[in-house]
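On a predicted model such as this, the values are computed, not experimentally measured, just so you know. Reminder, nothing fancy here: chain letters follow the sequence lines and each chain counts from 1.
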There are 2 protein chains.
Amino acid sequence: MPDVFRLLADPSRRRLLDALRDGERSVTDLVARTRMSQPSVSKQLRILRDSGAVTLRTAGRQHLYSIREGALREASDWLSYYDRFWREGLRRMDDALRDRPRPRTRRRR
Amino acid sequence: MPDVFRLLADPSRRRLLDALRDGERSVTDLVARTRMSQPSVSKQLRILRDSGAVTLRTAGRQHLYSIREGALREASDWLSYYDRFWREGLRRMDDALRDRPRPRTRRRR
DNA sequence: TAGATATATGTCCATATGGGTATACGAGTT
DNA sequence: AACTCGTATACCCATATGGACATATATCTA
């Protein structure tokens, strides 16, 4: 249900994730780094947590958040196709090109 | 302005992009493949086009859309950091892991 | 020109979303 | 216990979003 891309759609959540790249951070810490209000930070962290993107560790009265391994994997996987696609420079438009002046059919390698 | 992740946040747009992976497609074609209404398809294509994610080629009365090279590059780049992060197995959460029972790094199969 | 096909746009609507402010809650501290 | 710090939640609100339906526009065809 919780779509990874939906998560990443919000800049504030991305900023939070960016702020967490170097390791776990407390809420106050994140508030300082992201220029957001504390409630907003908590709200977005809640969303990130519910979606399994981050984990929470409680240390006294501090809540330390950290990125969960593989959280963005789904998004990354989806995009990886296009990455390969462009890097190899292979445009598989043969079908679409069929009604054009015969662009020389490519063979499967 | 037009955020790539915002684009990808909508499943219907992702379906459209998926349908375009193999090359350019007409609107009718996309309608058939995505099970969306024609106006919805056009609407989302409009958004994708305005954002520079797809390009349009007119052939008679058909509008042929195709993914624009490097359109999702920005998103991919952003994610690449985390990818590297996890693939190398480098979790800089030593502090956090300190009080856990040795999570044992997974080996590559 | 009339009609059919292909696509785009306009309008309306229901819903989701994110921020802000106030407030509640929990854990230390005195 | 009273107070303070750190964090979470509740509520309200303005806005964005996406879909459906009807309709407009453009291109071919008879």
Side-chain angles (χ1 to χ4, degrees), chain A residues 1-20 23-67 75 95-96 98-100, chain B residues 1-20 23-67 75 95-96 99:
Chain A
M1 284 290 210
D3 194 326
V4 187
F5 283 109
R6 187 88 62 181
L7 276 189
L8 301 178
D10 182 40
S12 69
R13 280 192 292 265
R14 259 175 292 151
R15 267 182 290 159
L16 285 173
L17 291 173
D18 281 336
L20 289 172
E24 60 181 3
R25 300 281 179 196
S26 71
V27 176
T28 302
D29 202 344
L30 292 171
V31 168
R33 291 168 179 270
T34 58
R35 282 190 166 196
M36 306 170 61
S37 70
Q38 178 267 312
S40 290
V41 169
S42 287
K43 189 173 185 175
Q44 301 309 324
L45 284 174
R46 175 68 171 170
I47 294 173
L48 288 170
R49 191 156 66 98
D50 287 346
S51 309
V54 301
T55 55
L56 168 61
R57 181 173 75 94
T58 299
R61 50 187 166 184
Q62 300 205 81
H63 288 198
L64 302 174
Y65 286 87
S66 46
I67 300 183
D95 293 353
R98 195 179 294 156
D99 53 346
R100 286 210 231 154
Chain B
M1 284 294 210
D3 194 325
V4 187
F5 284 110
R6 187 87 63 183
L7 275 189
L8 300 178
D10 181 41
S12 69
R13 281 192 292 265
R14 259 175 292 153
R15 268 182 290 159
L16 285 173
L17 290 173
D18 280 336
L20 288 173
E24 60 180 5
R25 301 279 179 196
S26 70
V27 176
T28 302
D29 202 345
L30 292 172
V31 168
R33 290 168 179 271
T34 60
R35 282 189 165 195
M36 306 170 60
S37 70
Q38 178 267 311
S40 289
V41 169
S42 287
K43 188 175 186 174
Q44 300 309 325
L45 284 174
R46 175 68 171 169
I47 294 174
L48 288 170
R49 191 156 66 98
D50 287 345
S51 309
V54 301
T55 55
L56 167 61
R57 180 174 74 93
T58 298
R61 50 186 166 184
Q62 301 206 78
H63 288 198
L64 301 173
Y65 286 87
S66 47
I67 299 183
D95 296 350
D99 52 347

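Regarding B:Phe5, its CZ atom lies at a distance of 18 Å from the P atom of C:dT17, rounded to whole Å. In this entry the distance linking CD of A:Gln62 with C1' of C:dG28 reads 11 Å, nearest Å. In this entry the distance linking CG of A:Leu48 with C1' of C:dG18 reads 13 Å, nearest Å. Taking atom CG of residue A:Leu16 and atom P of nucleotide D:dA8, one finds them 12 Å apart after rounding to whole Å. We find that CZ of B:Arg6 is positioned 17 Å from P of C:dA16, with the value rounded to whole Å. Atom CD of A:Glu24 is separated from atom P of D:dG6 by 17 Å (rounded to the nearest Å). The interatomic distance linking A:Arg14 (CZ) with C:dG18 (C1') rounds to 14 Å, in whole Å. The interatomic distance linking B:Met36 (CE) with C:dT7 (P) rounds to 14 Å, in whole Å.
The phosphate of D:dT9 has OP1 or OP2 within less than 4.0 Å of a side-chain N or O from A:Arg46. Side-chain nitrogen and oxygen atoms of B:Ser40 include at least one within less than 4.0 Å of the OP1 or OP2 phosphate oxygen of D:dA20. Between D:dG19 and B:Gln44, a contact under 4.0 Å exists linking OP1 or OP2 to a side-chain N or O. Contact between the side-chain N/O atoms of A:Ser12 and the OP1/OP2 oxygens of C:dG18 is not found at any separation under 4.0 Å. An OP1 or OP2 oxygen of D:dG6 is reached within less than 4.0 angstrom by no side-chain nitrogen or oxygen of A:Tyr65.
Here the side chain of B:Arg33 pairs no donor or acceptor atom with the backbone of B:Leu20 at under 3.5 angstrom. Using modelled atom types, one side-chain atom of B:Arg14 and one backbone atom of B:Leu8 make a donor-acceptor pair closer than 3.5 Å.
Residues B:Ser42 and B:Gln38 have side chains that bring a donor and an acceptor to within less than 3.5 angstrom of each other.
DNA chain C is contacted by both A:Gly60 and A:Asp10; A:Asp10 maps to the nucleotide lying nearer its 5′ end (nearest heavy atom per residue).
The base of C:dA8 sits with one of its N or O atoms less than 3.5 Å from a complementary donor or acceptor on the side chain of B:Gln38.
Backbone-only contact: B:Ser37 has heavy atoms under 4.0 Å from sugar-phosphate atoms and none from a base. Within 4.0 Å (heavy atoms only), A:Arg13 reaches sugar-phosphate atoms of the nucleic acid but no base atom.
The side chain of A:Pro39 lies closest to C:dT21, out of C:dT21, C:dA6, D:dG19. Closest contact between the side chain of A:Arg61 and the listed nucleotides C:dA8, C:dG20, C:dG26 involves C:dG26.
Ion pairing of B:Asp50 with B:Arg46 is present here, as a side-chain N (NZ or NE/NH1/NH2) and a carboxylate O approach within less than 4.0 Å.
Residues A:Ser66 and A:Glu24 share a closest heavy-atom pair of CB-CB, 3.7 Å.
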